[in-house]
Structure formats: structure tokens, C-alpha cells
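Contents: one structure, followed by commentary.
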Amino acid sequence: MSAPPGAGVDDWLMQAALAAGRRNLGMTWPNPAVGALVVRESGQGPLILAHAGTAKGGRPHAEPQALADAGEAARGATLYVTLEPCSHHGRTPPCVDAIQAAGISRVVAAIEDPDIRVAGRGFAFLRSQGIEVTTGIGTEEARLAHAGHIRRVTLGRPHLMLKLAVSADGKAGLAGRRPVAITGEAARRQVHLMRATHDAVLTGIGTVLSDDPQLTCRLPGMLDRSPVRVVLDSTLRLPLASALVATHEIAPLWLIAAEDAPADRETTLTEIGVEVMRVRRRPNGGLDLHEALHLLAMRGITRLMVEAGPRVAAAFVQDGLVDEADIFTAPATLGTDAIDALHGLPLSALDAYLSETETAMHGPDRLRVLRRA
Ligand SMILES: NC(=O)c1ccc[n+]([C@@H]2O[C@H](COP(=O)([O-])OP(=O)(O)OC[C@H]3O[C@@H](n4cnc5c(N)ncnc54)[C@H](OP(=O)(O)O)[C@@H]3O)[C@@H](O)[C@H]2O)c1
């Protein structure tokens, strides 16, 4: 393999490690989707001996898989890894032990793991064993890839991506909350791909009652990559005949209700396989979103996609909880009597703490990606 011109060898090999990890985004929660490569110098440039990503369900980690694949050839080789290798005994032995046992002589890592059980101890252990450690390669991309893990361990909540589909005049639905397809087929496919890379997708009961969505990933062959579906439903109004209930065996369905939601309704829903959890109400009556996100993080959710109507979307924006907004804008208008994308807020409210980082066309629809600085 030869390096692309202008890129350092460590940089482009780290890009390959990032790609190996990103493949499993949405499937490794509560763990981060880490990527690892074992590389040795072949005399004609670096040779990738093995590559791996954190397995589905979060174990095994990427490093021991790549090391096992490389076998004896790993002795004296370099390990590229997108996050600091773990140094604590969890349900699996520490990755640093596997790295040392495999005879790796150099580790190149993108970022330190902010998890207090690691936080620099992995690097310190490796250095103490005479292994050379280089950090800070591919940092920006690794922070994005591991944003869910970082927010969960530092803030106690998932990374939140708000997806909105808006018309050219900033509307998200027809008057009377009647459903309408705003964006086209290419954007729809992109949204399904986004679902696949998130641990959970959250909506409000308003959207369920008007659109009856499934919120699964229905790209060909990818149904098993459907995220957990979460509905904010204070009084447990979710219809038993809804598409969400009908698909609860494809992907889990969790409802977040108020503490005073009817107990008999919870019993009925639980009996058919829906999980119900409860949080406080805010003074204005809506569910406490900070508590809801904390609850999801406690259950292991690291990457949350919000695909909700204007009320829930605006509430997350107002509470400063949106880390990324992916806004698809269609060329057509819906007219003045249609409903605004953010209830009671202009769309520009997102600019208060997010800035545009990317744009792309999906068929006729423009995607703008805004992120927290
Ligand atoms: N264009 C898009 O991207 C998009 C996406 C989804 C939906 N939609 C459209 O949006 C419309 C539905 O809008 P909507 O605003 O009624 O739906 P929504 O935002 O999905 O749901 C609103 C409901 O969520 C519940 N909720 C619980 N806690 C809340 C909180 N803290 N803040 C706000 N709401 C909370 C409330 O019902 P309870 O009090 O009963 O809990 C509230 O009425 C439909 O026309 C649908 O087609 C558009």
C-alpha cells in the first residue's frame, strides 16, 4: 500500500482504523465503536495485517480481535486504534494486557478515553511496558465517531442528533398535523442509514398519532440494524394497533411516560413487550428531557437520533440539548398555514449554539449539518 500524497503514514492509517470502527456505529452500545489495525513495515511500505471494529453488543473490543487475527505477525508491529485502549478489568480483560502479550512495539491512538476508569491510564501502562505511544492522530474524526461515548461518560447523556425535514418555507407538516412527505427518495434512504448508525431513535407521541411511523431501518438487508425506538408519551396514549407496537419484535420499543401515567395502561403495554419508564414532568407539563436523556444513558444509549415533530424538536433545542442538527430542505413550499419545524421558535434558533459544518445534496433536497463547536 502506498500513502496518498501529502498525508503522513500515521494519518492515513488512522483514517483506515476510523473506517473499521465506524462500520459498527449504532450496534456496539453501551460501548464505543472503536476501530483498530495491526500494521507492520513490509520493506515496501506499511502492510495492514489485520483490522477490526468493536463487535455487535460492544464485545469483544476491536484491539483483541485485530491482534488475534494478526497472530504471531503482530510481534514488533504497530497498533492503530481510534480510542485509548482500556486498562481496567470489565467483563473482558484489559486491552492493554492483550497489546503487551501480542508483542506490539508501538501504539498510535487518536484520543484519550475520558471514561474515568481509563483516562490516560491505558497510555501510561503501555509506556511503562516500553511500548512507544503516539497520540493525537485523527483527533477530530475520532471525537466525532466517539461523540456518543464521550457525552455518555462525561455528561451522563447520549450524543443527540436532531433530524428535521423542512420545506423551502421552513415548515415540517400540514395544518391539522396531517402527514405529508416533504423530502424525496434519496433523502429518505439517507435517513434510514442515519437510523442504522444510531443506538436509538426518539419521537413524540404527536408524531406517532399523526404519522404512525415504524422508525426502523428499511434499507434492503438492514432491518437488523434498526435502532431502539423511544417515544415521549406522558400519559401512555400509544395506540396498541400502531406500527411501532406491531414491530416491537424487530427492534425494542421504549416509552417514556410521566410519573402519573395510568398504571393499568403500563401493565397492558408491558404485557405485549413494550418497556415503560417514567420521568418527572417539567413545570410546563412536558416531560423533563434532561432526566429522559439521563435514563437513556443509564440504559447504555450513546447515540440518539431525534425524529420528532415541532413540539419535541423545539423542546430539545430550547433546552440546549442538540449536539448536531441534520436538516433536509426540500425545494417545494407548504404554505403559511402549514406548521413550523420548531414549535414557537424560528429555525435559526439552532444557530445559537450550532454552526454549519457540511452540506450535501440528496436528490433535490439539500442536507445541512450543524454541530456544536
Ligand atoms: N418534518 C419533520 O421532520 C417531521 C418529523 C416528525 C413529525 N413531523 C410532523 O409533526 C407533526 C406532529 O407534531 P407534534 O409537535 O404534535 O409531534 P411531536 O413533537 O412528535 O410530539 C409532541 C408530543 O410529545 C409529548 N411530549 C412529552 N414531553 C414533551 C416535551 N418535553 N416537550 C414537547 N412535547 C413533549 C407531548 O404529548 P403528551 O403530553 O401526550 O406526552 C406532545 O404533545 C405531524 O404533522 C408530523 O407529520 C414532521
Side-chain angles (χ1 to χ4, degrees), residues 160-184 187-188 190-192 194-195 201-215 229-239 242-244 254-262 265-266 269 276-296 304-322 325-330 332-335 337-345 347 349-350 362 365-368:
L160 190 151
M161 187 275 262
L162 171 67
K163 169 253 147 186
L164 290 174
V166 301
S167 58
D169 49 350
K171 307 291 183 180
L174 294 175
R177 292 188 145 59
R178 285 170 293 134
V180 59
I182 294 174
T183 47
R188 193 192 70 82
Q190 185 62 22
V191 169
H192 282 245
M194 289 169 170
R195 289 178 186 161
V201 59
L202 177 147
T203 195
I205 187 64
T207 296
V208 177
L209 296 177
S210 56
D211 297 1
D212 195 22
Q214 290 188 32
L215 302 175
R229 286 89 44 82
V230 183
V231 184
L232 296 183
D233 182 9
S234 310
T235 55
L236 296 175
R237 291 189 283 157
L238 178 80
S242 62
L244 282 170
W254 299 352
L255 300 189
I256 303 186
E259 286 164 336
D260 56 6
R265 187 78 183 153
E266 173 170 348
L269 287 158
V276 176
M277 37 199 110
R278 292 170 186 260
V279 298
R280 284 187 299 264
R281 281 183 194 272
R282 311 193 293 188
N284 72 1
L287 296 173
D288 185 319
L289 301 180
H290 292 266
E291 196 185 341
L293 292 188
H294 181 64
L295 202 72
L296 295 177
L304 178 68
M305 173 170 172
V306 172
E307 258 192 277
R311 289 180 210 281
V312 165
F316 277 115
V317 174
Q318 206 139 31
D319 278 10
L321 290 168
V322 178
D326 287 21
I327 307 168
F328 290 92
T329 306
T333 55
L334 285 183
D337 60 342
I339 54 174
D340 289 335
L342 297 177
H343 181 73
L345 292 177
L347 207 49
L350 286 163
H362 292 275
D365 306 315
R366 174 176 295 280
L367 169 64
R368 288 175 67 219

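Computed from a prediction, not measured in an experiment: that's the story for all the values here. Numbering of ligands and ligand atoms starts at 1, following listing order.
The closest non-hydrogen atom to atom 5 (C) of ligand 1, taken over Ala261, Ala330, Ala314, Ala308, comes from Ala308. Of the candidates Leu236, Asp233, Leu232, it is Leu232 that places a heavy atom closest to atom 25 (C) of ligand 1. The heavy atom nearest to atom 26 (N) of ligand 1, considering only Thr183, Ile339, Val279, Val312, is found in Val312.
For the pairing with Val317, the side-chain contact (heavy atoms from CB on, under 4.5 Å) check across Leu345, Leu164, Val312 returns one residue only, Leu345.
In this structure, atom 16 (O) of ligand 1 lies nearest to the protein heavy atom Arg177 NE, 2.8 Å. Among all non-hydrogen protein atoms, the one lying nearest atom 41 (O) of ligand 1 is Ser234 OG, 2.5 Å. With respect to atom 31 (N) of ligand 1, the closest heavy atom belonging to the protein is Leu287 O, 3.0 Å. Looking only at heavy atoms of the protein, atom 43 (O) of ligand 1 is closest to Arg311 CD, 3.7 Å. Counting protein heavy atoms only, atom 37 (O) of ligand 1 is closest to Ile205 CG2, 3.3 Å. Closest to atom 7 (C) of ligand 1, if we only count protein heavy atoms, is Thr207 OG1, 3.1 Å. Of the protein's non-hydrogen atoms, Ser210 OG, 3.1 Å is the one closest to atom 44 (C) of ligand 1. Atom 23 (C) of ligand 1 has Gly206 N, 3.7 Å as its closest protein atom, hydrogens excluded (heavy atom only).
Surrounding CZ of Arg366 are at most 12 heavy atoms belonging to other residues, nucleotides or ligands under 6.0 Å away.
Although no hydrogens or angles enter the test, the distance criterion places a donor-acceptor pair under 3.5 Å between the side chain of Asp365 and the main chain of Gly184. Under a 3.5 Å cut-off, the side chain of Ser167 and the backbone N or O of Lys171 do form a donor-acceptor pair. No donor-acceptor pair closer than 3.5 Å links the side chain of Asp211 to the backbone N or O of Pro213. Between the side chain of Arg229 and the main chain of Gln214, a donor-acceptor pair closer than 3.5 Å is present.
Inter-residue side-chain proximity for Ile256 and Asp233 is flagged as unmet; no heavy-atom pair is nearer than 4.5 Å. Within the 4.5 Å cutoff, the side chain of Phe316 has heavy atoms near those of the Leu289 side chain.
Those atoms of ligand 1 with a heavy atom of Gly204 less than 4.0 angstrom away are 18 (P), 20 (O), 21 (O), 24 (O). Less than 4.0 angstrom separates some heavy atom of Ala165 from each of these atoms of ligand 1: 1 (N), 2 (C), 3 (O). Short contacts between ligand 1 and Gly309, defined as distances under 4.0 Å to a heavy atom of the residue, involve ligand atoms 6 (C), 7 (C), 8 (N), 10 (O), 13 (O), 15 (O), 17 (O), 18 (P), 19 (O), 20 (O). Atoms of ligand 1 found under 4.0 Å from any heavy atom of Arg237, numbered from 1 in the order shown, are 37 (O), 38 (P), 40 (O). Annotation for ligand 1: atoms under 4.0 Å from non-hydrogen atoms of Leu164 are 3 (O). Set against the non-hydrogen atoms of Ala315, the atoms of ligand 1 under 4.0 Å away are 32 (N). Distances below 4.0 Å separate heavy atoms of Gly286 from the following atoms of ligand 1: 28 (N), 29 (C), 30 (C), 31 (N). Here is the list of ligand 1 atoms found below 4.0 Å of a heavy atom in Leu289: 31 (N).
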Can Val191 and Glu307 be said to form a side chain to side chain contact (heavy atoms under 4.5 Å, CB included), step by step? CA-CA 9 Å; Val191 169; Glu307 258 192 277; 3.5 Å; yes
Can you check salt bridge (charged side-chain N to carboxylate O under 4.0 Å, His left out) on Arg280 and Glu291, steps first, answer last? CA-CA 7 Å; Arg280 284 187 299 264; Glu291 196 185 341; 3.4 Å; yes
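The closest approach between any non-hydrogen atom of His343 and ligand 1 is not below 4.0 Å.
A salt bridge does not link Asp288 to Arg281: none of the charged nitrogens lies less than 4.0 Å from a carboxylate oxygen.
Counting heavy atoms closer than 4.0 Å to ligand 1, residue Ile182 contributes side-chain atoms (C-beta onward) but none from N, CA, C or O.
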